[in-house]
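First comes the structure, then the notes that go with it.
Just follow the structure's listing: the first ligand is 1, and inside any ligand the first atom is 1.
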Amino acid sequence: MSETLRRRAVLAGIGTYLPEKIVSNAEMAERVETSDDWIVERTGIRQRHFAGPHETCAFMGAAAARGALAMAGVAAEDVGAIILATSTPDQAFPATAVHVQAAIGAKKAFGFDIAAACSGFIYALGLANSMIQAGQADNILVIGSEVYSRILNFADRGTCVLFGDGAGAVLLSARDVPESGPGILSTHLHSDGTLADMLYVDGAVGQPDKPGHLVMNGREVFRHAVTLLASAVNEALAFNNLTSKDIDWLVPHQANRRIIDGVGRKLGMPPERVVVTVDQHANTSAASIPLALAQAMSDGRIKPGQLILLEALGGGLTWGSALLRL
Ligand code: ACO
């Protein structure tokens with residue numbers, strides 16, 4: 001008897017872009033009073049990439065998108081939608097997604113940006129998954145692209161050492177697959193605007209003379225992050241009738257090694273099954289999950305058929321999870 005098939009959003013391709021310029025902790029120590037030891041001990045970060053003038057949010061997003069399309073073997077003209085998550089768009093409007101559309105020649109797509117800070121990629125995946133389930137598009141580019149170096153306050157050593165620039169993209173393709181087949185199995189999204197003053201940018205184009213810098217209460221973010229991320233992961237496991245033993249890989253948002261380890265410990269996930277790239281990229285906000293996922297896929301750690309749990313938390317506060325089989 002043939003197995004029943006269901007329509008799922010399958011990760012068909014992944015691509016990344018990292019700016020050419022790498023900035024070590026020692027170089028950050030030339031700009032602010034800090035040290036490699038302090039940064040590594042508190043965060044696990046060893047270096048970050050900072051974008052040059054030509055490496056804009058759209059430029060990096062388009063480069064990552066081209067990589068995802070090439071891996072999937074899908075032509076740009078066959079893309080139905082582009083959802084780009086960013087807190088650092090090139091312009092207030094038009095959306096960075098339409099600049100990416102033009103750059104890659106995705107003539108038949110529609111595109112828009114979403115703002116959910118470091119949870120942006122998970123939010124975009126959730127939206128894209130719903131759109132594929134609804135039959136609105138068959139191929140959707142989901143992109144996280146960030147140039148946080150443009151909003152960092154380089155006089156604040158408590159924040160400027162934590163972030164970096166980069167982009168990651170996945171192509172989600174609609175496929176009819178068996179129950180045990182690949183695709184997104186669930187997404188769960190949350191926000192709590194009463195916690196907005198914990199992590200924010202103190203300006204925007206809508207505010208006169210206020211371009212804006214990132215402001216953060218690091219201790220409070222840390223305290224909330226471990227609890228909320230563990231609860232997001234447990235929610236995804238319960239929804240899918242799974243335990244953490246069933247998960248092959250946890251790919252967390254890469255903010256801070258101590259947050260990643262704290263969540264891993266709470267879940268009983270051994271460190272060998274948790275992907276960490278924060279040491280090389282620092283916190284690239286909405287780009288951090290696809291950058292980490294791409295690295296672990298390309299070095300052969302993550303394999304087809306494996307179950308992957310993604311989780312993120314960021315300004316809003318926003319947080320959430322996505323479970324997928326490759
Ligand atoms: N180098 C040297 N000293 C520093 C630096 C620095 N870069 N930054 C702060 N300090 C000093 C402070 O001035 C303070 O000195 P004092 O005791 O003389 O006043 C001391 O270090 C301790 O400062 P705290 O802010 O209390 O340090 P803490 O141990 O909390 O570590 C950190 C700070 C790393 C930001 C931590 O709070 C943290 O990891 N928070 C999570 C925030 C995060 O990762 N946010 C990312 C965005 S949100 C997300 O993506 C999940």
Q.
Working to the nearest 0.5 angstrom, can you tell me the gap between F50 CZ and D165 CG?
A. 6.5 Å
**Q.** Residue portion contacting ligand 1 (non-hydrogen atoms closer than 4.0 Å) for T159
**A.** neither
Q: Check each atom of ligand 1 against the heavy atoms of C118 and keep those under 4.0 Å away; list them by number with element.
A: 50 (O)
Q | Residues which pass salt bridge (Lys or Arg N to Asp or Glu O under 4.0 Å) with R150, listed by chain and number, not counting sequence neighbours | A | none
(Q) Please work out, at 4.0 Å between heavy atoms, whether the side chain, the backbone, both, or neither of W319 comes within that distance of ligand 1. (A) neither
(Q) Does any N or O of ligand 1 fall below 3.5 Å from an N or O anywhere on G218, backbone included? (A) yes
Q: Tell me which part of T34 gets within contact of ligand 1: side chain, backbone, both or neither, using heavy atoms under 4.0 Å.
A: both
Q | Minimum-distance protein heavy atom relative to atom 45 (N) of ligand 1 | A | M216 SD, 3.1 Å
Q | ligand 1 versus L199: contacting region, heavy-atom distance under 4.0 Å | A | side chain
Q. Nearest protein heavy atom to atom 37 (O) of ligand 1: under 4.0 Å?
A. yes
Q) Tell me, which protein residue and heavy-atom name are nearest atom 15 (O) of ligand 1, and how many Å apart are they? A) R157 NH2, 4.1 Å
Q. For ligand 1, is M28 a contact, meaning one of its heavy atoms is under 4.0 Å away?
A. no
Q. Under the 4.5 Å side-chain heavy-atom rule for ILVMFWY, direct or indirect, which residues accompany V177?
A. V10
Q: Indicate yes or no: does an N/O atom of H253 lie under 3.5 Å from an N/O atom of ligand 1?
A: yes
Q.
Counting only heavy atoms closer than 4.0 Å, does ligand 1 sit against the backbone of L313, its side chain, both, or neither?
A. both
Q: Could you check atom 22 (C) of ligand 1 against the protein and tell me its nearest heavy-atom contact, residue, atom and distance included?
A: R42 NH1, 4.2 Å
